[in-house]
Amino acid sequence: MGVTVHPLSDALGAEIGGVDLGEPLDDGTIQEIHDAWMEHLVLLIRDQTIDDPQLVAFSGRFGELDGAPIGATPDGKVSAREYNEITVISNVVENGRPIGGLGNAESDWHTDMSSYEKPPAASMLYSLEIPPTGGDTSFCNMYRAYEVLPEDIKARVQDLKAVHDATLTSAGGLRHGFEPVTDVTKTPGAHHPILRTHPVTGRTALFLGRRTNAYIPGLSVKESEELLDTLWACATAPENIWTHTWKVGDLVMWDNRCAMHRRDEFDHSSRRIMHRTQLKGNHPYYAAAEAAPTAA
Ligand code: SIN
């Protein structure tokens with residue numbers, strides 16, 4: 001049986017069937033998955049039984065893997081792990097030490113590591129243990145967020161950048177080594193264009209990263225806050241969102257260049273263990289004219 005693609009919502013997301021990620025996949029199959037990914041932004045592949053080397057091998061078929069560990073535990077240290085490409089997302093504590101990042105708290109809408117000059121292009125998250133309730137992950141479509149903007153706002157933001165805060169984790173905790181932001185005009189983090197050209201599809205997306213401590217240089221704080229609120233309202237409108245309720249063995253892969261995500265909190269006494277990989281990304285840019293799509 002070949003690859004099947006079943007859309008999961010009007011906004012974004014598709015379920016891929018007919019693949020076993022534990023087996024070597026031929027180039028044609030990878031291309032079909034890639035094409036579906038570029039069209040639907042987020043893919044769900046259920047009922048997989050894979051180990052870390054298989055997750056790393058599958059992820060690496062779509063681009064260069066980021067080797068930098070990002071699963072810093074709350075004390076700023078990273079647990080020793082066998083595979084540098086795997087980040088553990090978990091609330092589980094073993095021997096008094098968290099085995100991964102993010103705990104059980106809600107994580108607000110964000111693009112992974114957008115405070116970096118070259119944020120990761122994409123992330124793959126594989127579920128090993130999940131709580132009976134809670135911990136759902138939602139995604140929003142940033143192409144569509146751009147497309148529904150009023151024309152005057154599209155024109156207004158096409159030359160603007162926003163600062164992507166580096167001080168907070170997506171769960172709202174202060175990152176090790178940073179001071180709390182008291183003046184958003186001094187927020188540390190990368191300055192990225194608000195409109196972003198996707199380097200593969202050539203489509204334009206809104207690129208917002210995260211709301212807290214964001215600022216648009218060149219505007220007053222009041223103007224910046226008002227414009228950001230308008231953009232965020234478009235991005236996170238209910239009709240622009242798909243939410244995934246996890247089962248063990250799910251692999252979800254999302255494209256950070258055109259989708260944001262958030263996670264619901266869950267009971268701290270439940271266990272949730274996810275292993276994540278991510279692909280290296282480009283320096284975000286906006287090409288006002290139609291950008292020519294390039295190879296994957
Ligand atoms: C993340 O924000 O990368 C993690 C999402 C999740 O835990 O579901």
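Atoms within each ligand, like the ligands themselves, are counted from 1 in listed order.
The aromatic ring centroids of H261 and W254 lie less than 6.0 Å from each other. Between H192 and F207, the gap from one ring centroid to the other is short of 6.0 Å.
For T201 and Y143, the side-chain atoms include at least one donor-acceptor pair closer than 3.5 Å.
Residue-ligand proximity, T137 to ligand 1, at heavy-atom distances under 4.0 Å covers atoms 6 (C), 8 (O). Interface of D112 with ligand 1, defined as ligand atoms under 4.0 Å from a residue heavy atom, comprises 3 (O). Within the listing of ligand 1, atoms 5 (C), 6 (C), 8 (O) sit less than 4.0 angstrom from a heavy atom of L125. Residue I89 has at least one heavy-atom neighbour below 4.0 Å for each of these atoms of ligand 1: 7 (O). Proximity to R276 (heavy-atom distance under 4.0 Å) selects the following atoms of ligand 1: 1 (C), 3 (O). Close approach to H110 involves these atoms of ligand 1, each under 4.0 Å from a residue heavy atom: 2 (O).
Here R211 pairs with E225 in a salt bridge; the nearest charged N to carboxylate O distance falls below 4.0 Å.
Relative to atom 6 (C) of ligand 1, the option among M260, M113, R263 with the closest non-hydrogen atom is R263. Summarising the contacts of atom 4 (C) of ligand 1 with N256, L102, T111, the nearest heavy atom is found in L102.
Heavy atoms of other residues, nucleotides or ligands lying less than 6.0 angstrom from NE2 of H283 number more than 12. More than 12 heavy-atom neighbours from other residues, nucleotides or ligands sit within 6.0 angstrom of CG on D51.
Residue-to-ligand polar distances place H261 within reach of ligand 1: an N/O pair is separated by less than 3.5 Å.
Of all the heavy atoms of M274, none lies under 4.0 Å from any atom of ligand 1, so neither backbone nor side chain is involved. The part of R272 lying near ligand 1 is the side chain, judged by heavy-atom distances below 4.0 Å.
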List the steps, then state whether side-chain contact (heavy atoms from CB on, under 4.5 Å) holds for D267 with T133.
CA-CA 8 Å; D267 190 287; T133 57; 5.9 Å; no
Name the atoms and distances for all side-chain donor-acceptor pairs under 3.5 Å in residues 6-19, with sequence neighbours left out.
residue : atom : partner : partner atom : Å
S9      : OG   : A11     : N            : 3.1
S9      : OG   : L12     : N            : 3.1
S9      : OG   : L12     : O            : 2.7

